[in-house]
Enquirer: 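Can you keep this structure in mind? I'll have questions shortly.
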2 protein chains.
Amino acid sequence: MTARYRAPSRRAGPQLAVARLRRYGAIGAAEEALIGSLEDWRPDPPGVELIRDVRSATPRLLLSGWAAKVRWLSDGRRQIVSFVLPGDGLALHQRPHPLGLCPVMALTPVQTVDAAPLIRAVTQLPQTAPLRQALDVAASLEEVWVLDQVIRLGRLAAYERMAHLIMELRWRLTAVELGVGDQFPFPLTQETLADALGLSIVHVNRTLQQMRREKLIELQNGRLRVLDPVAMAQLCDFREPQPQTWLEAAA
Amino acid sequence: MTARYRAPSRRAGPQLAVARLRRYGAIGAAEEALIGSLEDWRPDPPGVELIRDVRSATPRLLLSGWAAKVRWLSDGRRQIVSFVLPGDGLALHQRPHPLGLCPVMALTPVQTVDAAPLIRAVTQLPQTAPLRQALDVAASLEEVWVLDQVIRLGRLAAYERMAHLIMELRWRLTAVELGVGDQFPFPLTQETLADALGLSIVHVNRTLQQMRREKLIELQNGRLRVLDPVAMAQLCDFREPQPQTWLEAAA
DNA sequence: CGATGTTTTGACTCGGTTCAAATAAGGTGG
DNA sequence: CCACCTTATTTGAACCGAGTCAAAACATCG
């Protein structure tokens with residue numbers, strides 16, 4: 001039932017990345033041009049490890065498609081640490097030493113560009129430059145997703161976990177304007193959901209069924225519609241991140 | 001059975017913080033003096049929120065005692081995101097925008113000092129200064145603990161979770177030379193363990209019992225001894241972080 | 001010595017897993 | 001455009017890991 005993204009017929013533009021950063025800083029024409037001028041583009045099919053060795057990874061921007069930060073146990077169990085959505089960055093460390101990070105794997109066909117020129121330009125800028133601030137906020141949000149994942153896995157029941165993850169993805173996709181009318185792309189297989197939520201595939205299936213039965217969501221053709229966002233947020237104690245207030249605090 | 005740290009009779013020195021940083025960079029007399037000269041000292045009893053509002057938090061060093069990063073659900077459920085051990089930093093953001101962070105709560109009597117002068121000094125230093133590198137590594141390790149927490153909660157069973165957390169704490173305490181002969185301070189109540197491991201108190205108790213029965217650990221008087229570290233590491237797929245290789249990679 | 005918080009134990013319940021098999025959806029090549 | 005293959009989704013039944021409830025046994029401390 002859940003459809004895949006189609007393989008990209010043509011190169012995706014930087015619109016999503018720009019849209020995302022614009023939310024966290026006053027991105028002007030110059031900055032937009034800078035992002036648009038990134039050259040080293042690459043498409044990859046699902047399953048490919050976009051970042052294998054975290055230490056030698058080069059920074060990239062995800063222009064289209066979904067990916068995930070993944071950790072494996074030696075016996076084959078897999079845990080998805082967090083999702084990487086269109087407009088997000090890959091290995092955009094500000095800090096010289098790589099985070100104790102994990103490989104990133106494409107979940108759908110993806111398109112990325114090398115962001116090294118962007119990072120190089122940004123490090124020249126003063127701390128207060130809007131573009132730099134926007135990247136800082138984006139980096140902070142990445143940490144938010146991991147913390148939320150800890151809460152989900154540690155203290156939420158299956159039904160709550162599912163609702164919470166859906167609300168997170170909805171919020172993030174809205175930030176890149178991929179969500180329209182409470183409907184957004186949802187290309188995850190139930191197996192992927194299981195590995196993200198720490199559940200079995202079978203139970204993911206049953207949880208989704210129940211959520212449909214209770215008229216909280218509709219899910220078909222790889223698109224998800226949240227029918228009752230208020231109820232959803234309440235049942236799983238979902239709280240929207242407040243990146244705006246971070247900006248104010250810094251000002 | 002698990003005893004608490006006694007209330008500090010006198011002010012703790014910076015030894016632990018220095019010992020920890022020394023592992024990740026060539027800390028010389030000057031750097032040591034800088035840390036030793038930190039003035040604004042404060043003891044706090046267990047239960048106190050050392051950091052309440054993350055956005056306005058000032059950076060501090062934990063000189064003695066244990067603390068934890070904590071998230072609450074509105075219905076009272078609590079999740080411990082990661083532990084903060086002697087020698088660790090509190091809110092030592094390198095990045096201007098606060099991580100999507102959580103309050104930090106003292107688990108035992110603690111002693112902290114204001115680290116603002118340290119941070120101020122460090123930002124003057126070149127990227128390659130040893131002290132700066134050491135702080136970077138410390139920050140990266142903080143992320144490692146959170147990622148490991150995700151693995152534990154998402155894909156490990158109760159017994160494995162417990163083993164994995166114990167191995168993490170053992171590794172970290174060894175880094176500040178608090179672990180001697182596979183024995184180290186372990187001031188956590190079973191309730192705290194439950195909130196860290198996403199388990200019920202009762203099940204934490206049973207898990208510990210079993211681990212004792214199987215002769216993997218000894219736990220009494222607030223000290224824990226790992227009897228068979230190799231078996232412990234294997235059963236939970238514990239892998240030691242390799243901060244040394246990060247330093248090489250940067251060089 | 002009582003008061004309070006922590007650990008321990010037993011009996012029962014339940015959420016979520018496992019195993020197995022059927023059904024549906026997509027993708028491919030003839 | 002259909003036949004076929006593969007990969008997802010769905011369903012049922014049995015099982016088990018971990019939670020819940022309740023009470024007892026210990027510790028610690030004023």
Side-chain angles (χ1 to χ4, degrees), chain A residues 1-7 9 45-47 66 75-79 107-109 152-163 186-213 217-224 235-236, chain B residues 1-7 45-47 66 73 75-79 107-109 152-163 186-213 217-224 235-236:
Chain A
M1 181 150 302
T2 302
R4 294 310 193 71
Y5 269 28
R6 339 226 97 262
S9 50
W66 288 31
D75 66 359
R77 280 178 283 184
R78 187 175 76 153
Q79 177 63 47
L107 298 173
T108 70
R152 276 196 290 266
L153 296 172
R155 280 299 176 225
L156 297 192
Y159 195 73
E160 299 168 319
R161 277 183 218 180
M162 180 69 77
F186 197 82
L188 304 178
T189 68
Q190 296 186 358
E191 181 176 17
T192 302
L193 277 172
D195 286 337
L197 296 176
L199 300 169
S200 67
I201 302 182
V202 171
H203 205 245
V204 163
N205 184 282
R206 293 188 168 126
T207 305
L208 282 173
Q209 303 284 2
Q210 188 187 347
M211 212 165 267
R212 285 193 261 234
R213 242 180 290 123
I217 62 167
E218 271 173 8
L219 172 57
Q220 47 191 316
N221 299 321
R223 297 195 69 88
L224 179 69
L235 86 88
C236 62
Chain B
M1 180 147 302
T2 301
R4 293 311 192 70
Y5 269 28
R6 340 224 98 265
W66 288 30
L73 296 185
D75 65 359
R77 281 178 283 185
R78 186 175 77 153
Q79 177 64 45
L107 299 173
T108 70
R152 276 196 289 267
L153 296 172
R155 278 300 175 225
L156 297 191
Y159 195 73
E160 300 169 317
R161 274 182 220 181
M162 182 68 77
F186 197 82
L188 304 178
T189 68
Q190 296 186 359
E191 181 177 16
T192 303
L193 276 172
D195 285 337
L197 295 175
L199 300 170
S200 67
I201 302 181
V202 172
H203 205 246
V204 163
N205 183 283
R206 295 191 166 124
T207 305
L208 282 173
Q209 304 285 2
Q210 189 187 346
M211 212 165 266
R212 286 192 261 233
R213 241 181 290 122
I217 60 166
E218 271 173 9
L219 172 56
Q220 47 192 317
N221 298 324
R223 296 195 70 88
L224 179 69
L235 86 88
C236 63

Enquirer: Run the side-chain contact (heavy atoms from CB on, under 4.5 Å) check on L224(A) and E218(A) step by step: do they pass?
Expert: CA-CA 6 Å; L224(A) 179 69; E218(A) 271 173 8; over 6 Å; no
Enquirer: Nearest whole Å is fine: how far is dT6(C) C1' from D195(B) CG?
Expert: 14 Å
Enquirer: Could you give the CG-to-P distance, from L193(B) to dA18(D), as a whole number of Å?
Expert: 15 Å
Enquirer: Within this structure, what is the CG-CG distance for the pair L208(A) and L193(A), rounded to the nearest 0.5 Å?
Expert: 6.5 Å
Enquirer: Rounded to the nearest Å, what distance is computed from the CD atom of residue Q220(B) to the P atom of nucleotide dT28(D)?
Expert: 12 Å
Enquirer: Which angle, to the nearest 10 degrees, lies between the helix axes at the two ends of the helix from dT8(C)-dA23(D) to dG30(C)-dC1(D), each defined by five pairs?
Expert: 50°
Enquirer: With a 4.0 Å cutoff (strictly under), does any side-chain N or O of Q190(A) reach OP1 or OP2 of dT7(D)?
Expert: no
Enquirer: Respond yes when some side-chain nitrogen or oxygen of N205(A) is under 4.0 Å from OP1 or OP2 of dT10(D), and no when none is.
Expert: yes
Enquirer: Tell me: CZ of R213(B) to P of dT8(C), nearest whole Å?
Expert: 11 Å
Enquirer: What is the distance, to the nearest angstrom, from the CG atom on L188(B) to the P atom on dG5(C)?
Expert: 19 Å
Enquirer: With no hydrogens and no angle check, is any side-chain donor or acceptor of R161(B) less than 3.5 Å from a backbone partner on R152(B)?
Expert: yes
Enquirer: Does OP1 or OP2 of dT9(C) have a side-chain N or O of Q209(B) closer than 4.0 Å?
Expert: yes
Enquirer: For residues 193-205 of chain B, which residue pairs pass the salt bridge (charged side-chain N to carboxylate O under 4.0 Å, His left out) check, not counting sequence neighbours?
Expert: R155(A)-D195(B), R78(B)-D195(B)
Enquirer: Could you encode protein contacts along nucleotides 14-19 of chain C as a string, one character per nucleotide from 5' to 3', using B for base contact, S for sugar-phosphate-only contact and - for no contact, with a heavy-atom cut-off of under 4.0 Å?
Expert: --BBBB
Enquirer: Taking all heavy atoms of H203(B) and all of T207(B), pick out the closest pair and write down the distance.
Expert: O-OG1, 2.6 Å
Enquirer: Whole Å only: how far is the CG atom of L208(B) from the P atom of dT6(C)?
Expert: 15 Å
Enquirer: Between the main-chain N or O of A196(B) and the side-chain N or O of Q79(B), is there a donor-acceptor pair closer than 3.5 Å?
Expert: yes
Enquirer: To the closest 0.5 Å, what do you measure between CG (L153(B)) and CG (L156(A))?
Expert: 11.0 Å
Enquirer: Roughly how far apart are M211(A) CE and L219(A) CG, rounded to 0.5 Å?
Expert: 11.0 Å
Enquirer: Measure CD/E191(A) against P/dA25(C) and give the value in whole Å, please.
Expert: 20 Å
Enquirer: How many angstroms lie between CD in Q190(A) and CD1 in I201(A), if you round to the nearest 0.5 Å?
Expert: 8.0 Å
